[in-house]
Structure formats: structure tokens, C-alpha cells
Amino acid sequence: RLRKWQERIRTKDAGERNLQFALSEIDRMASALGVPRSVREVASVIYRRALNEDLIRGRSIEGVSTAALYAACRQEGIPRSLDEVADVSRVPQKEIGRTYRYISQELGLELKPVDPKQFVPRFASALQLSEEVQSKATEIIDVSAEQGLLSGKSPTGFAAAAIYAASLLCNEKKTQREVADVAQVTEVTIRNRYQEQIEAMGFR
Amino acid sequence: MTNPADSIEIQNVVASTGIGQELDLEALAEDLPGADFNPDNFPGLVYRTQEPKAAALIFRSGKIVCTGAKSIDDVHDALGIIFEKLRGLQIPVEDDPEITVQNIVSSADLGHNLNLNALAIGLGLEDVEYEPEQFPGLVYRMDEPEVVILLFGSGKIVITGGKRTDDAEEAVEEIVERIEGLGLLG
DNA sequence: GCTTTAAAAAGTAATTT
DNA sequence: AAATTACTTTCCAAAGC
């Protein structure tokens with residue numbers, strides 16, 4: 001009995017220490033990503049829920065912390081791409097994605113697919129593009145998504161192409177390389193999505 | 001109107017069997033031309049048949065996994081070839097080893113483009129995985145038949161996880177019905 | 001969990017020409 | 001800039017770490 005009691009204390013202590021570590025990691029990554037404090041709190045809640053549901057077993061604390069933060073950004077409507085999150089995490093992108101899918105399923109987060117429009121303000125301001133370009137890019141996304149062009153396409157690539165197209169239309173041209181760099185996609189992807197979107201808009 | 005069920009093509013069949021005899025894989029690797037055996041990587045010996053084209057994983061216990069065949073008949077033919085090869089090496093093989101189909105992978109075409117975003121919500125986010133940042137297909141876990149379906153924007157689909165040929169057929173009929181019910185099929 | 005094998009779907013990415 | 005190769009996802013069995 002005594003041994004079991006000691007074991008319980010030990011695991012509880014370990015759990016507390018691990019929780020502290022997880023929360024400090026979430027804080028560190030959130031700072032590096034520049035997400036608001038509210039998102040960190042949502043991420044903390046998700047992590048605690050995962051802990052209570054015993055979802056950490058067989059997974060790294062780092063992985064679950066990162067996945068919780070990724071999920072929190074999406075839940076709050078200011079998504080970061082897996083690439084961006086992986087850049088500030090110690091676990092590889094593949095594991096973050098797999099862990100996110102697992103906790104999302106188990107906790108029943110039921111997050112809708114990422115809307116490319118949610119990347120527009122952040123990418124556009126990183127490129128120092130005007131409000132006009134942003135609303136044009138948003139319009140391009142709406143129109144081309146309505147025509148069924150979004151299915152299966154990466155939301156970052158879709159947003160990047162729309163921003164590139166909008167920058168041309170508003171005479172604030174950015175090169176494909178510049179847009180590709182902030183969105184972390186290749187120029188080839190931007191070119192492919194751009195062609196389809198221009199067509200959908202009835203230009204060219 | 002072509003029936004999507006008629007477009008079903010079996011792409012891969014996975015099956016398991018056993019010869020009821022322990023094997024010395026080191027020796028077998030020497031005697032079987034074209035055999036790949038790297039015990040440091042994987043405990044099974046890999047042997048490929050040309051006609052029908054398939055790959056077999058042969059284990060020390062005598063159990064065998066066959067994969068890559070395009071039909072259940074091909075699985076039996078490929079394993080039959082392997083059984084004969086082993087007998088030719090003076091290895092006793094049971095008369096009719098039981099062959100169990102473990103998984104059938106099929107592809108099909110629904111004939112219409114799909115709005116995967118709407119489909120993810122319509123089918124129910126709890127049964128769906130759709131992460132286009134990671135993979136372009138929507139993953140749908142169906143209860144009856146118990147299979148997993150990958151749906152793509154083109155309307156092409158992949159059905160996997162079933163053990164019977166009928167599973168794919170039933171799955172296609174069921175998914176078409178569900179998508180139509182949601183008003184999301186062309 | 002991982003390791004290996006096979007196959008399709010379509011998007012993305014890294015190389016090669 | 002186009003072509004090729006390769007990797008992402010799903011499924012399953014096998015023996016062993």
C-alpha cells in the first residue's frame with residue numbers, strides 16, 4: 001500500500017513537473033510565433049485536457065505541446081502553418097501533424113479545415129502590402145474557392161497565390177519568390193494556383 | 001449514367017499464410033535467387049514473383065505475407081509459385097496452406113468533382129480527417145462496411161481496410177448515397 | 001511505436017535536364 | 001520551365017526491438 005502511495009506521489013510530481021515544462025514550452029513557442037496571450041491560454045487548456053484524458057502516453061510532451069499550440073491557433077482563427085510551428089518546435093513537422101490529428105480526434109475539437117483567407121493579413125503585412133491588396137486577395141480566394149478550386153489544395157499555397165495575384169492587380173507587385181518565402185511554399189506552387197485563380201476570376 | 005461501382009478496380013491485395021514449417025532464412029536467402037534478406041533491418045525475407053507480380057515476406061516461423069497482387073486469384077497463384085519453389089528446395093510445405101485475405105485496396109471514380117470542405121462538415125467532422133496542408137485527400141472512416149475511404153477533389157476515391165471484394169462495392173454505394181443525401185454530388 | 005512490402009489517389013517539393 | 005523522382009495519407013499481416 002505504502003509503495004503504491006509513494007508511486008502515486010511520484011507520478012503526480014512527475015506530472016506536475018511535466019505540466020510545468022509543457023506550459024513553459026507553449027509559452028516559448030507562442031512568443032516565437034508572436035501569437036496573443038489568449039491563444040497561449042487556449043493551448044494550455046487543450047494540453048491539460050489531453051493530460052487528463054491520458055493522451056500523452058506514448059507521445060512526447062514536446063509533440064503534444066506543439067500540437068496543442070497549433071490547434072489553439074486554428075481554434076482562435078489565426079492559424080500558423082505546420083511549417084511555421086515546426087520552425088519553433090523541437091519535434092519534426094511530421095510528428096506535429098500526426099499528434100495534432102490524434103488529440104484533435106480524441107478531444108473532439110472538430111476544427112474546420114483552415115481557411116486560406118486567415119493567412120492573408122499576416123502574410124500581406126509581412127510583405128508590407130496595403131489594405132487594398134488584402135481585400136483583393138480575399139476576394140480572389142472567395143471566388144476561386146466557390147468555383148471548387150480549393151479542394152485538396154494547401155491553404156498556405158492558395159493564400160500565397162491570391163496575394164501574388166492581388167499585388168499585381170493593385171500595382172504593388174511582389175515577386176513570386178518574395179511571396180513564396182513568407183508563405184513557406186515554392187514558386188512552382190504559387191504559379192500553379194495563380195493560373196487557376198486568374199482563370200476563375202475571368203481575367204486573362 | 002455510369003455506375004461508380006462499375007469503376008472499381010482492385011489495386012492491391014494483402015494476404016497471410018504459413019507453410020507449417022520453421023525456416024532457416026539465411027540458407028533460404030542463398031538458395032532463392034533474387035531474395036532480399038536483411039535481418040538487421042527487418043526479420044522477413046523478401047521474395048518477388050514476376051507473373052503474377054507480387055511480393056512475399058517470408059518469416060522464420062514459416063508464416064508468409066503476400067502483397068502487391070491485383071486480385072485474390074493472383075494472390076493464390078503467387079503463393080502457389082512460392083510453395084512450389086520451397087518444395088523444390090526440399091522444404092516440406094503443407095498440402096493446402098490456408099490463405100487469409102487481410103486487406104484489399106481498391107480505387108474508383110464517382111464521376112463528379114467534390115467540394116471536400118463541404119463534405120468534411122456534411123459527413124461529420126468526428127468521422128472525417130481532412131488536412132489539405134498535409135494530404136489532399138479527405139479520410140472517411142465508414143462503419144458499415146468497416147473500411148476507410150480516401151476522397152479527392154477530382155471525385156476519384158480509394159477504398160482500403162476491407163477483407164472482402166464486396167466491401168468496396170458496398171462502400172461505394174454507401175458513400176454515393178451519403179454524398180447525394182447531402183446534395184454534394186455534382 | 002518502429003522496422004518492410006504493395007497499391008491507388010493528388011498535391012507539393014527537390015532534382016535533373 | 002518542364003520532366004522526373006520522391007515523399008505525404010489510408011489499410012494489413014508478419015517477428016522483434
Side-chain angles (χ1 to χ4, degrees), chain A residues 57-60 63 82-83 93-95 97-99 101-102 150-158 160 176 180 183-193 196, chain B residues 7-18 23 25 36-49 52-71 74-75 78 99-110 113-114 116 129-142 146-163 167-168 171:
Chain A
R57 209 170 272 181
R59 260 156 275 269
S60 71
L82 280 177
D83 260 310
Q93 196 220 33
K94 192 173 166 180
E95 188 187 328
R98 199 194 305 123
T99 305
R101 274 179 270 144
Y102 179 70
L150 182 55
S151 283
K153 276 32 172 270
S154 144
T156 46
F158 208 81
Q176 293 180 358
Q184 302 238 263
V185 297
T186 62
E187 293 168 271
V188 179
T189 295
I190 291 188
R191 234 171 273 136
N192 291 337
R193 298 303 136 249
E196 298 172 350
Chain B
S7 71
I8 296 174
E9 284 181 40
I10 294 179
Q11 300 292 351
N12 184 22
V13 178
V14 182
S16 59
T17 187
L23 289 168
L25 297 182
D36 289 335
F37 184 45
N38 300 92
D40 294 341
N41 280 15
F42 189 70
L45 178 152
V46 182
Y47 183 75
R48 294 175 172 82
T49 57
K53 191 181 170 229
L57 306 176
I58 304 174
F59 297 89
R60 185 183 41 77
S61 63
K63 292 189 175 178
I64 301 174
V65 171
C66 179
T67 183
K70 291 282 184 193
S71 70
D74 281 358
V75 167
I99 296 172
T100 310
V101 173
Q102 302 287 358
N103 182 29
I104 298 178
V105 182
S106 300
S107 60
D109 190 351
L110 300 186
N113 288 340
L114 298 171
L116 299 184
E129 253 180 45
Y130 175 48
E131 294 294 330
E133 191 186 340
Q134 301 176 60
F135 185 70
L138 183 156
V139 181
Y140 178 61
R141 290 184 163 76
M142 186 175 273
E146 196 179 331
V147 297
V148 173
I149 305 179
L150 309 182
L151 299 117
F152 296 86
S154 64
K156 300 267 185 68
I157 71 175
V158 171
I159 307 99
T160 187
K163 295 193 190 302
D167 287 340

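To find a chain, count down the sequence lines: A is the first, B the second, and so on, and within it residues start at 1. These figures come from a predicted structure and were not determined experimentally.
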Point to revise | Residue pair A:Arg193, A:Glu196: steps toward the salt bridge (charged side-chain N to carboxylate O under 4.0 Å, His left out) verdict | key: CA-CA 5 Å; A:Arg193 298 303 136 249; A:Glu196 298 172 350; 3.0 Å; yes
Review point. Ignoring hydrogens and geometry, is there a side-chain-to-backbone donor-acceptor pair from B:Tyr130 to A:Gly152 under 3.5 Å?
Key: yes
Exercise for review: Would you kindly give the CZ-to-P distance between B:Phe37 and D:dG16, to the nearest whole Å?
Suggested key: 11 Å
Review point. Taking the side chain of B:Leu150 as heavy atoms from C-beta outward, which of C:dT5, C:dA9, C:dA7 is closest to it?
Key: C:dA9
Check your understanding: Does A:Lys153 place a side-chain N or O at less than 4.0 Å from the phosphate oxygens OP1/OP2 of C:dA10?
Key -> no
Check your understanding: For B:Arg60 and B:Leu25, which heavy atoms make the closest approach, and how far apart are they?
Key -> N-CD1, 3.5 Å
Practice item. Calculate the interatomic distance between B:Leu45 atom CG and C:dT5 atom P; express it in whole Å. Key: 11 Å
**Study point:** Given C:dT12, D:dC12, C:dG11, the nucleotide with the shortest approach to the side chain of B:Pro136
**Key:** C:dG11
Exercise for review: Taking only the side-chain heavy atoms of A:Arg98 (C-beta and beyond), determine which of D:dT9, D:dC11, C:dC2 contains the nearest atom.
Suggested key: C:dC2
Exercise for review: Among the candidates C:dA7, D:dA13, D:dA15, find the nucleotide nearest to the side-chain atoms of B:Lys63.
Suggested key: D:dA15
**Study point:** Span that lies between the C1' atom of C:dA9 and that of D:dA1, in whole angstrom
**Key:** 26 Å
Study note, to complete from the structure: Walking DNA chain D from its 5' end, the first of B:Leu57 and A:Arg191 to be reached, judged by nearest nucleotide, is A:Arg191
Check your understanding: Is there a donor and acceptor pair, one atom on the side chain of B:Ser107 and one on the base of C:dA8, closer than 3.5 Å?
Key -> no
Point to revise | Side chain of B:Lys53 (C-beta onward), nearest among D:dA13, C:dA7, C:dA10 | key: C:dA7
Check your understanding: Hey, which of B:Val158, B:Leu138, B:Thr160 is the one that makes side-chain contact (heavy atoms from CB on, under 4.5 Å) with B:Leu150?
Key -> B:Val158
Check your understanding: Relative to the 5' end of DNA chain C, which residue comes earlier, A:Thr186 or B:Phe59, by the nucleotide with the nearest heavy atom?
Key -> B:Phe59
Review point. If you look at every strand shown and take non-hydrogen atoms under 4.0 Å, does A:Gly152 touch a base, only sugar-phosphate, or nothing?
Key: sugar-phosphate
Check your understanding: Within less than 4.0 Å of OP1 or OP2 of C:dG11, is there a side-chain N or O belonging to A:Arg193?
Key -> no
Practice item. Send over the distance from B:Arg60 CZ to D:dA14 C1', rounded to a whole Å. Key: 11 Å
Revision key, fill the gap. Testing D:dT10, C:dT5, C:dA7 for proximity to the side chain of B:Val105, the answer is C:dA7
Exercise for review: Would you mind telling me which residue lines up with the more 5' stretch of DNA chain D, B:Thr160 or B:Phe42, judged by nearest nucleotide?
Suggested key: B:Thr160
Check your understanding: Over how many whole Å does the gap from B:Asn12 atom CG to D:dC12 atom P extend?
Key -> 13 Å
Check your understanding: To the nearest angstrom, how far is A:Leu82 atom CG from C:dT12 atom C1'?
Key -> 14 Å
**Study point:** C:dA13 phosphate, OP1 or OP2, under 4.0 Å from A:Thr189 side-chain N/O
**Key:** yes
Point to revise | Value in whole Å for how far the C1' atom of D:dC7 lies from CD of A:Gln93 | key: 11 Å
**Study point:** Test item: B:Lys156 and B:Ser107 side chains (from C-beta on) under 4.5 Å apart, heavy atoms
**Key:** no
Revision key, fill the gap. Atom CG of B:Asn41 and atom P of C:dT5 are separated, to the nearest Å, by 8 Å
Exercise for review: Answer whether the closest heavy-atom distance between the side chains of B:Val13 and B:Val101 falls below 4.5 Å.
Suggested key: yes
Review point. Looking for any heavy atom pair under 4.0 Å, which part of the strands does B:Ser154 touch: base, sugar-phosphate only, or nothing?
Key: sugar-phosphate
**Study point:** Nearest-Å distance once atom P is located in both D:dC7 and C:dT3
**Key:** 13 Å
Revision key, fill the gap. Of the candidates C:dA8, C:dA10, D:dA13, the side chain of B:Val65 sits closest to D:dA13
Practice item. For B:Val148, report the nucleic acid contact type (base, sugar-phosphate, nothing); a contact means any heavy atom under 4.0 Å. Key: sugar-phosphate
Review point. Across the strands shown, which category fits A:Val185 at heavy-atom distances under 4.0 angstrom: base, sugar-phosphate, nothing?
Key: sugar-phosphate
Review point. Side chains of B:Phe37 and B:Ile58: closer than 4.5 Å at any heavy-atom pair?
Key: no
Revision key, fill the gap. Among C:dA10, C:dA8, C:dA6, the one nearest any side-chain atom of B:Lys70 is C:dA8
Exercise for review: For C:dG1, take OP1 and OP2 only and decide whether either is under 4.0 Å from a side-chain N or O of A:Arg57.
Suggested key: no
Exercise for review: Return the value, rounded to whole Å, for the distance between atom CD1 of B:Ile149 and atom C1' of D:dT10.
Suggested key: 11 Å
Point to revise | N/O donor-acceptor pair under 3.5 Å between B:Ser106 side chain and B:Ile8 backbone | key: no
**Study point:** Given C:dT12, D:dT8, D:dC11, the nucleotide with the shortest approach to the side chain of A:Ser154
**Key:** C:dT12
Review point. Under 4.0 angstrom, heavy atoms only, what part of the nucleic acid is B:Ser106 near: base, sugar-phosphate, or nothing?
Key: nothing
Check your understanding: Would you say D:dA14 has OP1 or OP2 under 4.0 Å from some side-chain N or O of B:Ser16?
Key -> no
**Study point:** Nucleotide of C:dA9, D:dC11, C:dT5 approaching B:Arg48 most closely (side-chain heavy atoms)
**Key:** C:dT5
Exercise for review: Tell me which of B:Lys156 and A:Arg59 sits closer to the 5' end of DNA chain C, going by the nucleotide each one is nearest to.
Suggested key: A:Arg59
Check your understanding: If you measure from the P atom in D:dT9 to the same atom in C:dG1, how many Å do you get, rounded?
Key -> 13 Å
